[in-house]
Visitor: 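I am attaching a structure below and will ask some questions about it afterwards.
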Amino acid sequence: EILAFLDADADPPWKDCRFNGRHRGKHWGVRIDIAAGKLLEQTHAMPEVLRNVVRKMRTVDVLQAFYPNECNAIDYVKDRGAYLK
């Protein structure tokens with residue numbers, strides 16, 4: 001279900017990224033400006049398919065208070081020149 005969602009033309013679209021290596025990525029929730037040390041407004045809300053994962057994670061005792069404010073996906077395909085540092 002998660003892979004089907006990511007591979008569909010779901011918003012936001014995949015974009016080329018260079019943070020921690022070359023790859024394609026998607027991001028949901030608040031944005032983080034690392035250089036400025038600030039959180040920025042979210043541009044894409046976390047999708048239901050990922051919120052379902054979070055709900056399942058919260059069934060584990062140590063994660064009951066886990067409420068993430070952002071998440072991302074990385075499409076790493078070595079044959080296309082992608083790499084991670």
Side-chain angles (χ1 to χ4, degrees):
E1 181 181 1
I2 295 170
L3 292 177
F5 168 78
L6 292 173
D7 287 339
D9 289 331
D11 197 37
W14 290 103
K15 70 175 193 169
D16 290 334
C17 301
R18 296 206 180 274
F19 184 77
N20 286 335
R22 186 173 172 230
H23 59 278
R24 291 186 326 149
K26 292 185 178 211
H27 184 272
W28 300 270
V30 297
R31 298 293 301 173
I32 302 169
D33 183 337
I34 294 173
K38 291 197 265 186
L39 292 179
L40 307 173
E41 292 292 321
Q42 76 176 12
T43 54
H44 297 91
M46 193 178 305
E48 187 64 24
V49 68
L50 299 178
R51 285 184 284 185
N52 288 338
V53 173
V54 171
R55 281 192 280 277
K56 288 180 182 179
M57 290 172 72
R58 285 198 297 250
T59 64
V60 177
D61 290 342
V62 297
L63 295 175
Q64 287 178 350
F66 177 61
Y67 290 91
N69 60 359
E70 62 94 23
C71 64
N72 62 67
I74 294 174
D75 182 25
Y76 167 80
V77 181
K78 189 174 182 178
D79 291 344
R80 291 190 211 152
Y83 64 91
L84 298 175
K85 294 180 183 178

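Only a predicted model underlies this, so the values are computations on that prediction, with no experimental measurement involved.
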Visitor: For the residue pair Pro12 and His27, what are the closest heavy atoms and their distance?
Guide: CG-O, 3.5 Å
Visitor: Heavy-atom count around Arg55 CZ within 6.0 Å, excluding the residue itself: above 12?
Guide: yes
Visitor: Using atom types as modelled, flag every donor-acceptor pair under 3.5 Å from a side chain in residues 74-85 to any protein atom, sequence neighbours excluded.
Guide:
{"from": "Asp75", "atom 1": "OD2", "to": "Arg24", "atom 2": "NE", "distance (Å)": "2.9"}
{"from": "Asp75", "atom 1": "OD2", "to": "Arg24", "atom 2": "NH2", "distance (Å)": "2.7"}

Visitor: Determine the minimum heavy-atom distance between Gly25 and Cys17, stating which atoms define it.
Guide: N-SG, 3.6 Å
Visitor: Side chain to side chain contact (heavy atoms under 4.5 Å, CB included) between Leu39 and Ile32: does it pass, once the steps are laid out?
Guide: CA-CA 5 Å; Leu39 292 179; Ile32 302 169; 3.7 Å; yes
Visitor: Would you mind telling me which of Glu70, Lys38, Glu41 makes a side chain to side chain contact (heavy atoms under 4.5 Å, CB included) with Val30?
Guide: Glu70
Visitor: In Å and rounded to the nearest 0.5 Å, what is the CZ to SG distance from Arg51 to Cys71?
Guide: 10.0 Å
Visitor: Testing the basics here: between Asp33 and Ala36, what is the closest heavy-atom pair and its distance to 0.1 Å?
Guide: OD1-N, 3.0 Å
Visitor: Taking the hydrophobic residues Ile, Leu, Val, Met, Phe, Trp and Tyr, and joining any pair whose side-chain heavy atoms are under 4.5 Å apart, which ones share a cluster with Leu63?
Guide: Ile2, Phe5, Leu6, Trp14, Trp28, Met46, Val49, Leu50, Val53, Val54, Met57, Val60, Val62, Phe66
Visitor: Could you measure the distance from the NZ atom of Lys15 to the NZ atom of Lys26? Nearest 0.5 Å is fine.
Guide: 12.5 Å
Visitor: Heavy-atom count around Glu1 CD within 6.0 Å, excluding the residue itself: above 12?
Guide: no
